[in-house]
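Take a look at the structure below.
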There are 2 protein chains.
Amino acid sequence: MQIGELARSTGVKIETIRYYEREHLLPLPQRTEGNYRLYSPRHVEQLRFIRYCRSLDMSLEEVRILIGVLDTPSGSCLTVNALLDEKIAEVDARVNELHKLQDQLRQLRGFCQQPDEVKTCGILMELNRSAGIDKAQI
Amino acid sequence: MQIGELARSTGVKIETIRYYEREHLLPLPQRTEGNYRLYSPRHVEQLRFIRYCRSLDMSLEEVRILIGVLDTPSGSCLTVNALLDEKIAEVDARVNELHKLQDQLRQLRGFCQQPDEVKTCGILMELNRSAGIDKAQI
DNA sequence: CCTTGACCCTGAAGCCACTTCAGGCTTTTC
DNA sequence: GAAAAGCCTGAAGTGGCTTCAGGGTCAAGG
Ligand SMILES: [Zn+2]
Ligand SMILES: [Zn+2]
Ligand SMILES: [Zn+2]
Ligand SMILES: [Zn+2]
């Protein structure tokens, strides 16, 4: 299976696959006489694993750790649990931030119901006012 | 006011201030004889405006647009409204994504109550299984 | 007068996770 | 035998900064 087919069957761009190879996240594939990469089902599996971890918002460094853990099957999985707990905490924190942001943005949007001139626009006035208040608070 | 004081009074790092200058987000300051930057209250205001917009998750490109709008006070503020609407939609979408992610992560975490060996860890097994299922779905 | 230390300067490179580009080779198809 | 599709490499670009290397400026103290 060459790189194009791997890309199609996983939905990962060719350049990304080569990038993962450079980053040692995918084992080096065999090569044809013409120097084309040749992948095995094992590569497909590992690439999917990487992408699934990425879809769970893990960094490549974290994926690297997980792959390392998988390669020592007799070790303990404490690392994995810790990694997940941290990730969960991060996501929770981010969601809270974004909830606040939603409130702020909606409130701000309310300051200009119908578009007027820039110099009287409630949004812009409020942006300037809030920037000033931040000043006072800090 | 030189750059250090500006940095202290706004909580923005010196390097970031210089970066904004390079990016034409802050007007060029005056210089002393020794080539030190000299800032006016106008700069303080604009820097705070930038940081406040950034705290609302706007990109520097979007901040640049807002600054441009502010510089033509007789124009209409349609752009501003559109920008905010788009931003609100983006944040809403991201919150939805993260909610799903929270569910996934918590469910995944549940697969390993107490740490066992890597080869029997429910989390790792589930990660591999899910990566495989994604394959079938696509 | 000289040195120390705080403060400032520039240009370049590093961060992450890719993406894009330039320029060229291999294989398949007509 | 020539075009088209596929593949190769190495380098640079993305955003929003941060960090680094290698300096220059300025006020205070000895
Ligand atoms: Zn919610
Ligand atoms: Zn308005
Ligand atoms: Zn939920
Ligand atoms: Zn476990």
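Just so it is clear: chains get the letters A, B, ... in the order the sequence lines come, proteins before strands, and each one is counted from 1.
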### Query
Bend across the helix from dC1(C)-dG30(D) to dC30(C)-dG1(D), to 10°, with axes taken over 5 pairs at each end?
30°

### Task
Take the protein atom OH of Y39(A) and the nucleotide atom C1' of dC8(D), then report the distance between them rounded to whole Å.
11 Å

### Task
Considering only NZ, NE, NH1 and NH2 on the basic side and carboxylate oxygens on the acidic side, decide whether K100(A) and E97(A) come within less than 4.0 Å.
no

### Query
Taking C-beta and beyond as the side chain, do E117(A) and S74(B) meet within less than 4.5 Å on heavy atoms?
yes

### Summary
Per-nt protein contacts along nucleotides 14-25 of chain D (heavy atom under 4.0 Å; B base, S backbone sugar-phosphate only, - none) come out as --BBBB----BB

### Nearest-Å distance for atom pair CD/C1', residues E5(A) and dA5(D)
15 Å

## Note on the structure
Separation of dC15(C) atom C1' from E23(A) atom CD, nearest Å, is 12 Å

### Query
Do H99(B) and D103(B) come within less than 4.5 Å of each other through their side chains, counting heavy atoms only?
no

### Task
Measure from the side-chain N and O atoms of R54(B) to the backbone N and O of M58(B), and report whether any donor-acceptor pair falls under 3.5 Å.
yes

### Query
Rounded to whole angstrom units, what separation is found between the CD1 atom of I3(B) and the C1' atom of dC9(C)?
10 Å

### Query
Taking CG from L38(B) and P from dC8(C), how many angstroms apart are they, rounded to a whole number?
11 Å

### Message
Keeping T72(B) on the side-chain end and G75(B) on the backbone end, is there a donor-acceptor pair under 3.5 Å?
### Response
no

## Note on the structure
I50(A) atom CD1 is separated from dC18(C) atom C1', nearest whole Å, by 13 Å

### Query
Do the charged groups of R106(A) and D85(B) touch, with an N to O distance under 4.0 Å?
no

### Query
Within this structure, what is the CZ-to-C1' distance between R31(B) and dC26(D), rounded to whole angstrom?
16 Å

### Task
Please report, rounded to the nearest Å, how far the P atom of dA17(C) is from the CG atom of L47(A).
16 Å

#### Entry: The single option from T79(A), V80(A), I50(A), D71(A) passing side chain to side chain contact (heavy atoms under 4.5 Å, CB included) against L66(A)
V80(A)

### Message
Tell me whether T16(B) contacts the main-chain N or O of V12(B) through its side chain, where contact means a donor paired with an acceptor under 3.5 Å.
### Response
no

### Task
Quick one: label Q2(B) by what it contacts on the DNA or RNA (base, sugar-phosphate, nothing), any heavy atom closer than 4.0 Å.
sugar-phosphate

Side chains of residues 25-39 of chain A: which donor-acceptor pairs under 3.5 Å do they make with residues two or more places apart or in other chains?
{"from": "R31(A)", "atom 1": "NH1", "to": "N35(A)", "atom 2": "O", "distance (Å)": "3.0"}
{"from": "R31(A)", "atom 1": "NH1", "to": "N35(A)", "atom 2": "OD1", "distance (Å)": "3.4"}
{"from": "T32(A)", "atom 1": "OG1", "to": "G34(A)", "atom 2": "N", "distance (Å)": "3.2"}
{"from": "T32(A)", "atom 1": "OG1", "to": "N35(A)", "atom 2": "N", "distance (Å)": "3.4"}
{"from": "T32(A)", "atom 1": "OG1", "to": "Y36(A)", "atom 2": "N", "distance (Å)": "3.0"}
{"from": "R37(A)", "atom 1": "NE", "to": "E21(A)", "atom 2": "OE1", "distance (Å)": "2.8"}

### Query
Below 4.0 angstrom from OP1 or OP2 of dC9(C), is there any side-chain N or O of R37(B)?
yes

